[in-house]
S.K.: 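One structure coming up, written as structure tokens, with questions to follow.
So you know, we letter chains A, B, ... as the sequences are listed, proteins then strands, and number each from 1.
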There are 2 protein chains.
Amino acid sequence: MPGTMTQKIEPRTGVAFTLSKGDRLSVIDIQGGQVADLLAFNRNDVREVICAGRTFDYLSRIYLTTGDPLYSNRSNILLKIVADDVGRHDFLLSPCSSEMFRILYGHARPHHGCFGNLANALAPYKIEPDNLPVAFNCFMNVPVDGNTGCFKVEPPLSKAGDQIVFEASTDLIVGLTACSAPLSNGGSFKPICYQIAKAI
Amino acid sequence: MPGTMTQKIEPRTGVAFTLSKGDRLSVIDIQGGQVADLLAFNRNDVREVICAGRTFDYLSRIYLTTGDPLYSNRSNILLKIVADDVGRHDFLLSPCSSEMFRILYGHARPHHGCFGNLANALAPYKIEPDNLPVAFNCFMNVPVDGNTGCFKVEPPLSKAGDQIVFEASTDLIVGLTACSAPLSNGGSFKPICYQIAKAI
């Protein structure tokens, strides 16, 4: 496709970049079984950011797929999912972090996780770590038991080359990772690829 | 109990107050069938706030009850639930707001909702509206279908006089409402009462 170039996010790292209204972002699970945490902020006012609590409310659903919008904390649509090969992603859980690796995994010298990768990548845009919300975790597979509310983090359902495609509804700053949590990724860390197709 | 006094939150309003470490807050559904949205911020640094995404992750569960902690965005415990007559609350959905009443209810001149009530009550503590996260919605009844991820907002299971009791794990600023959304409260707006039992 003209104007697109595949970028690679190495295992356990993250990046940030801008999108303009109408641009399409493809997040590609190049090897399969790998999660990518995605955050999006309004480029004109970074206090506006994707919000799971608003999105769930407006959709009456916690799982998102093709056709679904991602709403902001101000109830505006920031992104829409325009294609999805997988149909199972997570919008419940915060990005993995050093504290999470200590608490859930017992790591004494924990990796800084997607949270650290996102915080570092978004710092040049003057986005503070405390203002990173729950990410949209592409390909993350978190089945919930509706009776007890208990959930498990299972390996992603994505196969090599599967992708999810977002369209920017406004000008955005996006943070994107190749997730660092063993449980989320079937026990091995793999890269994530992405492509940006400019609107014009 | 010495040192306690029952306070009343009128229908569709909200308040804010401080708690010190060890204080206990009882949220009482005085008439039954009424939701109360609760927010808690670290009193020494209001950038630290309760966080559904971290709490879910550490509990592996989306429904909370007696014994469960509420974690912050920095992975510290801000509150613990020490008693609970009801056993069904919500931590998925953002506070109702004017935008929500427009989008979900089609109201042309919408009420400002729990979001407006919390924003107004927390403004004196220099807490910005954009920094209000998903609230812990006491008594809110949101059963989730684990297969589809679809949920419904059902009337609360709380009967008149039922309560949930929280203990502050650190010094806090708390926002608390009598929820303004018809669907969340079985179609009628009722008051919420609360009591604070000081630690010493």
Side-chain angles (χ1 to χ4, degrees), chain A residues 42 45-49 51-65 71-77 88-104 115 128-135 137 142-153 181 183-184, chain B residues 42 45-49 51-65 71-77 88-104 115 128-135 137 142-153 181 183-184:
Chain A
N42 180 338
D45 184 347
V46 297
R47 295 172 301 180
E48 183 169 21
V49 61
C51 177
R54 294 257 167 247
T55 303
F56 293 158
D57 206 9
Y58 298 140
L59 295 180
S60 295
R61 188 163 21 87
I62 62 170
Y63 299 136
L64 278 65
T65 188
Y71 281 88
S72 77
N73 54 338
R74 296 181 190 170
S75 295
N76 299 309
I77 296 172
R88 175 53 65 96
H89 314 279
D90 172 70
F91 207 7
L92 291 170
L93 301 179
S94 295
C96 58
S97 66
S98 56
E99 295 79 8
M100 179 275 214
F101 286 123
R102 272 197 208 96
I103 293 171
L104 285 186
F115 188 83
E128 299 282 337
D130 283 320
N131 293 332
L132 303 187
V134 170
N137 303 308
V142 183
V144 177
D145 181 317
N147 293 316
T148 63
C150 294
F151 59 79
K152 293 182 180 175
V153 178
L183 203 57
S184 306
Chain B
N42 181 338
D45 184 348
V46 297
R47 294 174 301 181
E48 183 170 20
V49 61
C51 178
R54 295 257 169 249
T55 303
F56 292 158
D57 205 11
Y58 298 141
L59 295 180
S60 294
R61 189 164 17 89
I62 61 170
Y63 298 135
L64 277 66
T65 188
Y71 282 88
S72 77
N73 53 339
R74 296 181 189 170
S75 295
N76 298 309
I77 296 172
R88 175 53 67 94
H89 315 279
D90 172 71
F91 207 7
L92 290 171
L93 301 180
S94 296
C96 58
S97 66
S98 56
E99 294 80 8
M100 178 274 216
F101 286 122
R102 271 196 209 97
I103 293 171
L104 286 186
F115 188 84
E128 300 281 339
D130 282 320
N131 294 331
L132 303 188
V134 171
N137 303 308
V142 184
V144 177
D145 181 317
N147 292 318
T148 62
C150 294
F151 58 79
K152 292 182 181 175
V153 178
L183 203 59
S184 306

S.K.: For A:Phe91, is it the side chain, the backbone, both, or neither that has a heavy atom closer than 4.5 Å to a heavy atom of chain B?
M.R.: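 For A:Phe91, there is no contact with chain B at all, as no heavy atom is under 4.5 Å.
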S.K.: Picking from A:Val144, A:Ile62, A:Val153, which has the most non-hydrogen pairs under 4.5 angstrom with chain B?
M.R.: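 Ranked by contacts with chain B, first place is A:Ile62.
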S.K.: Please report the shortest heavy-atom distance between B:Asp130 and A:Asn73, naming the atom on each side.
M.R.: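 Minimum heavy-atom contact is O-ND2, 3.4 Å.
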S.K.: With a 4.5 angstrom heavy-atom cut-off, could you sort out which part of B:Ile103 is near chain A: side chain, backbone, both or neither?
M.R.: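 Just its side chain gets close to chain A.
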S.K.: A side-chain contact here means heavy atoms from C-beta on lying under 4.5 Å apart; do B:Thr148 and A:Tyr63 qualify?
M.R.: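 Side chain of B:Thr148 against side chain of A:Tyr63, heavy atoms only: no contact under 4.5 Å found.
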S.K.: I'd like to verify something: which residue of A:Asp145, A:Leu92, A:Val142 has the highest number of heavy-atom pairs under 4.5 Å with chain B?
M.R.: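 Among A:Asp145, A:Leu92, A:Val142, the one with the most close pairs to chain B is A:Leu92.
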S.K.: Do the side chains of A:Phe56 and B:Val134 get nearer than 4.5 Å, heavy atoms only?
M.R.: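 Not touching, per the 4.5 Å side-chain cut-off.
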S.K.: Mind listing the closest non-hydrogen atom pair of B:Leu93 and A:Asp57 along with its distance?
M.R.: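 Looks like CD2-N, 3.7 Å.
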S.K.: Counting only non-hydrogen atoms closer than 4.5 Å, does B:Asn147 touch chain A with its backbone (N, CA, C, O), its side chain (CB onward), both, or neither?
M.R.: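 For B:Asn147, the backbone is the part near chain A, not the side chain.
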S.K.: Please identify each residue that fulfils side-chain contact (heavy atoms from CB on, under 4.5 Å) with B:Phe115, with sequence neighbours left out.
M.R.: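 Testing B:Phe115 for side-chain contact (heavy atoms from CB on, under 4.5 Å), a comparison that skips the adjacent residues, returns A:Arg54, B:Pro95, B:Ser97, B:Pro129, B:Leu132.
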S.K.: Would you give the length of the straight line joining atom CG of A:Leu104 to atom OG of B:Ser75, rounded to the nearest 0.5 angstrom?
M.R.: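 Here the rounded value is 9.0 Å.
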S.K.: What is the distance from atom OH of A:Tyr58 to atom CD of B:Glu99, rounded to the nearest 0.5 Å?
M.R.: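 Reported value, rounded in 0.5 Å steps: 6.0 Å.
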S.K.: Given heavy-atom pairs under 4.5 angstrom as the criterion, report whether the side chain, backbone, both or neither of B:Arg74 touches chain A.
M.R.: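 Both parts, heavy atoms under 4.5 Å.
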